[in-house]
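One structure below.
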Amino acid sequence: MSATADQQTDPEAENEYCVQNPEQCEEIWLFHEILVSQRRLEGAASGSSETILEVRKSSVDRLDKVLGTVPGVGLFRRADSRTAHPTTQGLSMRGVGANGAGRVLVTLDGVPLNDPFGGWIYWSSLNSLDVGDAVVRKGGSPGAFGAQALAGQVDLRSTTLRDAYDGARGWLGSDDSKNIGVRYVKEFKGGSLALSGGYFDTNGDYLLAENQRGSVDVRAASETAYIGINGGYEFEDAYVVGHVRYFKEDRVNGLSLAVNETEALDASLTVTGYADAFDWELITYYRTRDFANVFASARDDRTTERAVLDQFDVPAWGAGVLARVQFDGVEFGMDGRRMSGETNERFRNLGAGFTRQRRAGGDQWTLGFYGEYSHEADWGALSATLRYDRWRTYSGVRDEYNIEDGFPGFASPDRSDLVPNRKGGGWTGRVGYERALTGAIDMRAAAYKTWRLPTLNEYYRPFRVVNDITEANPNLTPETLYGAEIGFDYEPLNTVKLSATYYRNWLKDGVGNVTIGFGPGFFPLGGFVPDGGVLRQRANVDESITDGIELDAMLELETHWTLSASYLYARARITKFDAMPELIGKHPVQTPRHTATVRAAYSGDGWDMNIEGRYAGGQYDDDLNTRRLDAIFTVNAGARYDISGSFTLTAQMENLFDAKVVSAVTADGLETLAQRRFWRIGLEASF
């Protein structure tokens, strides 16, 4: 590289030097592009539907709510990550049957974020100062990390190391909430180092309406803290980026005994290399989770409470690697991941304390190899992906003890299930095509087959919500999704964009919670189920089909206003289930047929303002479709004003009119509320 050290650390000097010496600047521009974009090598994604969301200027403060502006994208239930139990924070997309684990791969600069034990995402661990934008790719993606991207992928892209937002933000809000985040970037010859951290604390809101609360109901308080290091360094023909993040969270889930806590550590290393004949990338990552959780039940007209399941130690870890090589429109790659986890829990509390203890868990790995080809010609752009995966679940255990017999490890279990090792493999793939029909109209189409291995949580960990008990199932088989879509994009001007997409998905062996008994009574599988409670077990549903239509529109006005609207129609239904034919024709849980977002944004004269409305149609909270949740419409608004080049005032209001949002309902009509009205006012400072 011919530039001086000063030119390497001054983008304007680089640009001036390269304009005068273009023949010497190929590496400089390459280095600058890697530092600034921090993107993975582009894959073959012709025919895909893609949405890019700007994170920092959103009218909501949580990344899961930013993603929720895309119709059909959201958590398992309507509750956002501020109040949702961590185990329900998996991301779903396009109405392909929501579940707690989620069916969408979420990455940060290409590194998977899905929990190694349960597949959910700790959204509160992500510092919005570190995330520049989010790329939402709808539809199955069997390429890199294809074992997890069943229904789609969300790639969170870091704020750039070089041109980073370097400063602090803090705000105060409803429910005595407070948040502060900082980010500091140090540049040096050949690279940069970014340090970031933050703290969030809130008293939270009540999860039940006042007329349903009792003396034992408390606010859903939470406290989180996180710190991260993100560094990059340029070698002669490669660039290395490393991440280390630590996160801790404590929550109270509506009852004083219903608490959970998490400690998490994530580390990753990405090396991107460029050579004359090919480009390559290597990603490695490791993460640990230490989780503890108590489920409690209110009794005596909600004047007393009792702990009913104490998951006092749920450790898990995961590791993975992705290697990719690209040349002449061809990519070859392999990825592997290894997960291990277990739950240690006390259960069966009939009033005098827990009498039983359980240890359940296991290990699993997946290993995949794939090839992608892309080609552009006068007749259009074509891409094709073929992938083969192997998987194995092993070392499964479910031992139960009577606590009075002695400490587990010294006493023999009185129940020890035989959990056989299982393995398998299969082919998946994708074909995509797009072409310009006219100067303003583009057509795109894709067909794909993807798969997902059930998580360790789904295999081994039972859980309880109020009086509804859900048992694990170590005999689950992998899910498979077949999909096809076709869409058209119309852009007569840079300021006008319209698009429409039709898709159909066939989900085979989708994992769902299936009702197998009603309380009160004892069941060999789940123990005692109280009056009004339900016993469910995770099971593979033979087939469900979703037909969907996506519509998007955007108009930029000369008055600095931008108007946009998005709509999703998703008709999902169970079409085959030999074990329970009475469920055929039922809707998958937590899957509305209609969702829509309308938004108006203004940018000019130092102001950034927006207001948006979100609609979600009615949906069901149970597999039998007896517990229906009404449609909702919420309004969010936000504003930012640049006081100077260094300070910005911010103000946001979520659910402006405090619309009632029910995220869950019990058999006796007890409604869990979510997305309560929330305001915040803050200040951002850049260094």
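Each residue takes its place number in the sequence, starting with 1. Side-chain atoms are counted along with the backbone in the values below, which use heavy atoms only and exclude waters and symmetry mates. Small disclaimer: the values here were computed from a predicted structure and weren't measured.
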Quiz item: Is there a side-chain hydrogen bond (donor to acceptor under 3.5 Å, both in side chains) between Arg461 and Gln311 once you walk through the steps?
Solution: CA-CA 9 Å; Arg461 175 184 167 272; Gln311 297 172 330; 3.2 Å; yes
State, without any angle test, whether [X] and [Y] hold a side-chain donor-acceptor pair at a distance under 3.5 Å.
| X | Y | result |
| --- | --- | --- |
| Arg337 | Thr366 | yes |
| Arg103 | Gln148 | no |
| Trp679 | Ser174 | yes |
| Ser81 | Arg62 | yes |
| Glu249 | Tyr226 | no |

What's the spacing between [X] [atom1] and [Y] [atom2] if we round to 0.5 Å?
| X | Y | atom1 | atom2 | answer |
| --- | --- | --- | --- | --- |
| Arg289 | Trp317 | CZ | CH2 | 13.5 Å |
| Met554 | Leu563 | CE | CG | 10.0 Å |
| Leu113 | Leu156 | CG | CG | 6.0 Å |
| Asp290 | Thr288 | CG | OG1 | 8.0 Å |
| Thr107 | Tyr285 | OG1 | OH | 11.0 Å |
| Glu261 | Asn293 | CD | CG | 10.0 Å |

Does [atom1] in [X] sit with more than 12 non-hydrogen atoms of other residues, nucleotides or ligands closer than 6.0 Å?
| X | atom1 | result |
| --- | --- | --- |
| Phe633 | CZ | yes |
| Lys186 | NZ | no |
| Lys497 | NZ | no |

For the student: nearest non-hydrogen atoms of [X] and [Y], plus distance:
| X | Y | value |
| --- | --- | --- |
| Val185 | Ala194 | CG2-CB, 3.9 Å |
| Pro112 | Gly110 | CD-O, 3.6 Å |
| Trp120 | Gly100 | CB-O, 4.0 Å |
| Ala79 | Ala674 | CA-CB, 3.5 Å |
| Pro142 | Thr450 | N-CG2, 3.9 Å |
| Met93 | Gly139 | SD-N, 4.4 Å |

Heavy-atom distance under 4.5 Å between the side chains of [X] and [Y], does that happen here?
| X | Y | answer |
| --- | --- | --- |
| Tyr239 | Val271 | no |
| Asp250 | Val259 | no |
| Leu673 | Ser663 | no |
| Ser564 | Arg599 | yes |
| Asp133 | Leu53 | no |
| Asp155 | Arg137 | yes |
| Val321 | Ile283 | no |
| Val154 | Leu105 | no |

Practice problem: For the residue pair Trp171 and Phe678, categorise the inter-ring angle as parallel (less than 30°), tilted (30 to 60°) or perpendicular (more than 60°). | Solution: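 Trp171 and Phe678: perpendicular rings.
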Quiz item: With under 30° as parallel and over 60° as perpendicular, where do the rings of Phe291 and His85 fit, or are they tilted in between?
Solution: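 Perpendicular, since the angle between the ring planes exceeds 60°.
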Is the backbone of [Y] close enough, under 3.5 Å, to the side chain of [X] for a donor and an acceptor to pair up by distance?
| X | Y | result |
| --- | --- | --- |
| Asn114 | Val106 | yes |
| Asp605 | Trp607 | no |
| Asn655 | Gln675 | yes |
| Asp115 | Phe117 | yes |
| Gln89 | Ala84 | yes |

Exercise. Salt-bridge test for Glu223 and Arg251: reply yes if a basic N is under 4.0 Å from a carboxylate O, no otherwise.
Key: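 Arg251 and Glu223: not salt-bridged.
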Quiz prompt | Cationic N near anionic O, under 4.0 Å, Glu281 to Arg324 | solution =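 Yes, this pair counts.
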Anything under 3.5 Å between a donor and an acceptor, one on a side chain of residues 68-76, the other on a protein residue two or more places apart or in another chain? List them.
unit_1 : atom_1 : unit_2 : atom_2 : d
Thr69  : OG1    : Val66  : O      : 2.7

Practice problem: Determine, stepwise, if the pair Ser603 / His560 fulfils side chain to side chain contact (heavy atoms under 4.5 Å, CB included). | Solution: CA-CA 6 Å; Ser603 181; His560 303 288; 5.5 Å; no
Quiz item: Of the options Arg676, Arg680, Arg219, which is the one that meets Asp175 in a salt bridge (Lys or Arg N to Asp or Glu O under 4.0 Å)?
Solution: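 The salt bridge (Lys or Arg N to Asp or Glu O under 4.0 Å) with Asp175 is passed solely by Arg219 among Arg676, Arg680, Arg219.
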Self-check item: With Thr202 via side-chain hydrogen bond (donor to acceptor under 3.5 Å, both in side chains) - residues at least two apart
Solution: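 Checked Thr202 against side-chain hydrogen bond (donor to acceptor under 3.5 Å, both in side chains); matches are Ser177.
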Quiz item: Out of Asp266, Leu265, Leu269, which one pairs with Val244 under the side chain to side chain contact (heavy atoms under 4.5 Å, CB included) rule?
Solution: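 With Val244 as partner, Asp266, Leu265, Leu269 yield a single side chain to side chain contact (heavy atoms under 4.5 Å, CB included), made by Leu265.
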Exercise. Give me the one residue out of Asp109, Thr272, Asn230 that meets side chain to side chain contact (heavy atoms under 4.5 Å, CB included) with Val241.
Key: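 The side chain to side chain contact (heavy atoms under 4.5 Å, CB included) with Val241 is passed solely by Asn230 among Asp109, Thr272, Asn230.
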Self-check item: Qualifying residues under ring-ring contact (aromatic ring centres under 6.0 Å, His included), relative to Phe247, sequence neighbours excluded
Solution: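 Once residues adjacent in sequence are excluded, the partners of Phe247 under the ring-ring contact (aromatic ring centres under 6.0 Å, His included) criterion are Tyr122.
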Quiz prompt | From CA spacing to verdict: side chain to side chain contact (heavy atoms under 4.5 Å, CB included), Trp123, Leu91 | solution = CA-CA 10 Å; Trp123 297 101; Leu91 202 64; 4.1 Å; yes
Quiz item: With respect to Asn636, which candidate in Glu654, Glu612, Gln652 satisfies the side-chain hydrogen bond (donor to acceptor under 3.5 Å, both in side chains) definition?
Solution: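 With Asn636 as partner, side-chain hydrogen bond (donor to acceptor under 3.5 Å, both in side chains) holds for just one option, Glu612.
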Exercise. Would you check, one step at a time, whether the test side chain to side chain contact (heavy atoms under 4.5 Å, CB included) holds for Leu108 with Ser158?
Key: CA-CA 7 Å; Leu108 176 61; Ser158 288; 3.9 Å; yes
Quiz item: Going through the checks in order, is the salt bridge (charged side-chain N to carboxylate O under 4.0 Å, His left out) test met by Glu263 and Lys248?
Solution: CA-CA 5 Å; Glu263 282 194 82; Lys248 189 177 189 305; 5.5 Å; no
Quiz item: Would Asp64 and Ile121 count as a side chain to side chain contact (heavy atoms under 4.5 Å, CB included) if you check the C-alpha gap in whole Å, the side-chain angles of each, and the deciding distance to 0.1 Å?
Solution: CA-CA 9 Å; Asp64 58 292; Ile121 310 294; over 6 Å; no
